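Since the structure comes first, as structure tokens, the remarks are kept for the end.
On a predicted model such as this, the values are computed, not experimentally measured, just so you know. Throughout, protein chains are lettered first and strands after them, A, B, ... in sequence-line order, and every chain is numbered starting at 1.
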Amino acid sequence: MIFAGILCGVLILLLKVPMPLIDVFVIPLYILNLFFLILVLFTPAINGSHRWFNIFGFSYQPSESAKLLTILLTARILAKENLNEARQLIYGFLCVLGPVLLVIIEPDFGTTLMFWMSLMAMYIAAGVPAFYLLLMVSPVLSIIASFHWIFIIVWIILLILALIRFRLSWVTITVASILNLFLCIIMPVFWSGLRDYQQNRILTFMDPMRDPLGAGYQIIQAKIAVGSGGTIGKGWLEGTQKNMNFLPEHHTDFIFSIIGEEFGFIGSLVLLVLFALIFWRITIAIRDIRVQERKIAISGIFGYLVFQTFINIGMNIGLVPTTGVPLPFISYGGSNLLINGLAVGMVLKYLNERGFMK
Amino acid sequence: MDKFSFVHFFRLILGLLFGILVFALFRLQVVQGEYYKQIAESNFVRLRRIIATRGEIYDHKYRSIVKNIPSQNLYLITGRIKNYKALADFLYAEFNITADDLKKLIESLRFRSYEDIIIAENVPYERVLTLSERLSYFPELFFRSETTRSYLYPNHFTGYVGRINETEYQNYRNEDYTINSQIGKTGLEKYYEVLVKGRDGREIVQVDSRGRNLNLFRNDSTILPENGMGLVLTIDNDIQQYAESIFPAGMRGGVVVMDVKSGGILAYVSKPGYDPNLFMSKISVEDWQALNNNPARPMTDRVIHSAYPPGSVFKALTAGLGLEKGVVNEYTLLASCVGGLKVGNRFFRCWSSAGHGRSNVINALKVSCDTYFYDLSLKLKLEDFKKFATQCMFGVKTGIDLPNERTGLFPDAKWYYDHYGKAISITGHKVNLSIGQGEVSCTPLQICALYSAIANNGIWITPHLLEKTVGNNTYSHQQINPIMHTRLPVSPTNLRIIQNGLFAFCNLPGGTATGVKVKGATTFGKTGSAENVFGRTTHAWFTGYIVTDTPEICVTVFLENAGHGGGVAAPLASRILNYYMGNITSIKAPVQVPIELQSQTEQEPTPAEPISDPETPSPNPDAEVAQ
């Protein structure tokens, strides 16, 4: 509640502040934020990771603000007109790399993923040719495909066809294909080189049900909660799974399971529609805004909000592995609400500009 | 790619992702909704904790000191309460739990209403039987068979366990504790909590109301509990029992018996005592108040939890410093004792108003002449005194494996300035310190450790209770926390002189404690009668050790406001020393580790060993396991 109040105040302030002032502050704030990300590593661990500062009872998660600031900075760099595509790619990558490295040692895998998602969205918005993106994503897909030889074959053929379709030089196609094939083949070797507990950890991440008393316990309980909500739900505050303390973190990452349980499919649908409306409105903003930098920035914001929502709800219903990503605007956590609010605030701010500034 | 078409791409991704979510939600909630609803309402899928058995405590011959015994505990699940009024009446009538208490409990558990909470401990089995029929009216109540502690020999060092309290729960909730957990509150139970606790197991119960397996989890991966390790102490139950039995009734004080060579404590008595078994079920208000308001403070462990002026037992340390600094040697005679010594314009009295004449150090120790040490202290600097005392582990925690040990105090100049102002003259205080009076204070354990070090030719060893652990793992004390060995800052020659003084005290004609005679061993020792602010009667001290062909044990007896050390403390010590020497063969006899206490690795027979014929009983315990 307090944070909602603060957020309203901050949003009004944000809309009043002249645009150039915000532009001036992006770089210093980005650097300050990097500093916070280093500092946060020295705080006592909460649930095994160093993510939060506790100041006067408020917790502040610097990786949240880093997301927004990184997007603003990256957008500015990608929008520079004198850059060729390769430089765009590299500079954008470097902007994201700093915070990502600091966040991954917290450790916070989920947030790292969000950084890459927004970077992808920004590359697309910046007009980076699709084959670059394909080449960038291909190693990840190769790793996924390496689970079965049929996947490997299908994937490599698809990759080659796609690259031919983009009319790349034969050298590029050959090198890319061979590298990816090599990755596919090397993965099983690498895998068997891992120790048992490392393999287990990765497998449990992919499939939490393997560890029903640990990681999987939460998921199965969340799934029961959502499923038992049925079509119309059990009614507000009537959820029983929550009461049984089955869901130890029900006010944070697993809030959706409570919504699903208490309001049922109808309630979940309403929530999804609300999210979809917000995101749809953001795509309209992307289309309408003419300034390249802002277009890219909004794309980045769009990218991480959409994926964050998808991954959070997905992990509540057992679709995707648990990664500790909060549900935007809804999960408990002041900095989450504040930063997502500010991100949307930036979109509003851009929309408020007039004429050629828009 | 067209310049604006990427917005369409974004919308496509958005639609795709949300489409997946809607589809998955529809399947989960609408198609399979009924199935999950059944599971949720049946309450049958739950994680159950299998409580690990707490490690027991044994003496050095594997005889029990603390045992686990079965107990029946009554649990309540507040979320299942159907008839509140009936429940309140029932609990009040049977367990004396008032409606107010119940209300508070339910209020405090409103966010954990489906967790079970313990409301009555150690209900006698006959009552469980008589109550069980009536319990069927209360689905929220149920009994659970668990274990509780039985303290066979009530004493201070074992301490006791109790239900975890709110602050402890907040601190340790991530370390495998629940709101119903037992946790060590004092003594060894607290100090070695991590070792004796073990690790609770988990199991998932996933059968529905008809007993069918729900198959939510692919494998029933039950995690078995890892039971706590047993503690084998250095305590000898016989000596401990004997020391307890001869302790004069109604007196306050403590007895420590320490093995000089190892630092292990053989007996550890603090009186008056209390019965820790009282804490195992909810302690009645009367008992609690009786324990707390008793002027004799039975809960205080007098061996380490309070510090007292050491009196004359401290003189050995003063003598050591004088010898080390070269102020005196074995033959130096100091000021003539005329029943005291005049320092400045103040007359410090010796305990003997008749006076002792001029003494050397051995004679001064023998007759415990105060004047000798007064005069010696005038030749010593306070900072040297403080440094020496600290090196002798005085005013320093001994590091015994028990919680909340007192440090004691040896003051330095800064301490005096802080407490009495800058104008103070330290000389007078220093004179007092030299005979262990004034501001110096120490625990009986510190004295025992110091005299053990003197007996052990100057090697000071951390006193300790734990010898090793048994059960899942066998660790020696050294592996758990290292035992410190340090050398007292006294040269062997000078140590010899002090030992001679202590020998003279107990054996030579004219010595104060010639009554302490032990058959088959030589006695060394020192008494003390410490004046104190708590009463007109002095604290009685005796500390001494016996040497056969090697140094054996050191006994420290301390009695609060009991009179003269020679009169009350020394006879007690004498009886303990005699008991030890009388039973030395049985005490020192090696003991086989009982088979049930051996760790897994020890029990496995090595393949090289021939496995004996199962028909013939074998004396070899390893072979019996092999059968």
Side-chain angles (χ1 to χ4, degrees), chain A residues 47 121 124-127 129-130 209-214 216-217 220-221 223-234 239-246 260-261 264-266 268-269 272-273 275-276 279-280 282-284 286-287 295 299 302-303 306-307 309-311 313-314 317-319, chain B residues 1-43 45-47 77 79 109-115 174 201-204 206 214 216-223:
Chain A
N47 292 335
I124 294 171
M209 298 300 185
R210 283 174 50 90
D211 181 18
L213 291 159
Y217 190 72
I220 190 84
Q221 293 306 336
K223 218 170 151 180
I224 293 175
V226 176
S228 68
T231 313
I232 53 165
K234 297 177 184 170
T240 55
Q241 295 297 98
K242 167 189 72 179
N243 283 342
M244 274 178 252
N245 213 16
F246 274 157
E261 182 183 15
F265 180 63
I266 310 256
S268 314
L269 207 60
L272 282 181
V273 167
F275 269 118
F279 298 145
W280 190 265
I282 293 179
T283 59
I284 294 175
I286 296 173
R287 194 192 60 201
K295 209 191 234 336
S299 303
F302 172 82
V306 168
F307 274 94
T309 310
F310 175 74
I311 288 183
I313 296 179
I317 55 181
L319 269 187
Chain B
M1 210 182 237
D2 180 28
K3 198 151 191 273
F4 293 105
S5 70
F6 74 85
V7 176
H8 296 298
F9 178 68
F10 280 179
R11 287 176 179 170
L12 188 72
I13 295 278
L14 180 67
L16 200 68
L17 293 181
F18 275 63
I20 294 173
L21 286 184
V22 170
F23 174 77
L25 276 169
F26 181 79
R27 210 178 79 114
L28 192 65
Q29 296 190 298
V30 180
V31 181
Q32 299 176 331
E34 276 308 308
Y35 170 70
Y36 281 111
K37 203 177 276 181
Q38 273 175 9
I39 296 172
E41 280 164 11
S42 68
N43 286 342
V45 181
R46 30 180 56 237
L47 188 67
I77 293 179
L109 288 172
R110 63 193 181 285
F111 296 120
R112 303 196 284 227
S113 60
Y114 278 84
E115 269 181 84
N174 291 329
R202 306 270 153 107
E203 63 179 342
I204 276 197
Q206 50 165 347
L214 288 174
L216 280 167
F217 301 103
R218 247 159 277 151
N219 45 350
D220 258 323
S221 50
T222 300
I223 301 172

Report task. Determine the option with the most heavy-atom pairs under 4.5 angstrom with chain B, choosing from A/Gly127, A/Ser268, A/Gly318. Result -> A/Ser268
Report task. Working to the nearest 0.5 Å, report the span between CZ of A/Phe307 and CD1 of B/Ile13. Result -> 5.5 Å
**Report entry** Taking every non-hydrogen atom, the tightest pair across A/Ile124 and B/Phe9
**Finding:** CD1-CE2, 3.4 Å
Query raised in the report: Measuring from A/Phe265:CZ to B/Leu28:CG, what's the distance to the nearest 0.5 Å?
Result: 10.5 Å
Query raised in the report: Hey, is CD1 on A/Ile284 packed in by over 12 heavy atoms from elsewhere, all under 6.0 Å?
Result: yes
Report task. Could you tell me the separation between the CD1 atom of A/Ile282 and the CG atom of B/Leu14, rounded to the nearest 0.5 Å? Result -> 9.5 Å
**Report entry** A/Phe302 portion near chain B, given a 4.5 angstrom heavy-atom threshold
**Finding:** side chain
Query raised in the report: Quick one: CG on B/Leu12 to OG1 on A/Thr283, what's the gap to the nearest 0.5 Å?
Result: 12.0 Å
Query raised in the report: Out of A/Gly303, A/Gly314, A/Ser299, which one racks up the most heavy-atom pairs below 4.5 Å with chain B?
Result: A/Ser299
Report task. With rounding to the nearest 0.5 Å, note down the distance linking CG in B/Leu25 to CG in A/Leu269. Result -> 8.0 Å
Report task. Using atom types as modelled and distance alone, determine if a side-chain donor or acceptor of B/Gln29 lies under 3.5 Å from a backbone N or O of A/Gly260. Result -> yes
Query raised in the report: Highest number of heavy-atom pairs under 4.5 Å with chain B: which of A/Thr231, A/Leu272, A/Thr309, A/Val273?
Result: A/Leu272
Requested in this report: Could you tell me the separation between the CZ atom of A/Phe275 and the CZ atom of B/Phe18, rounded to the nearest 0.5 Å?
Outcome: 7.0 Å
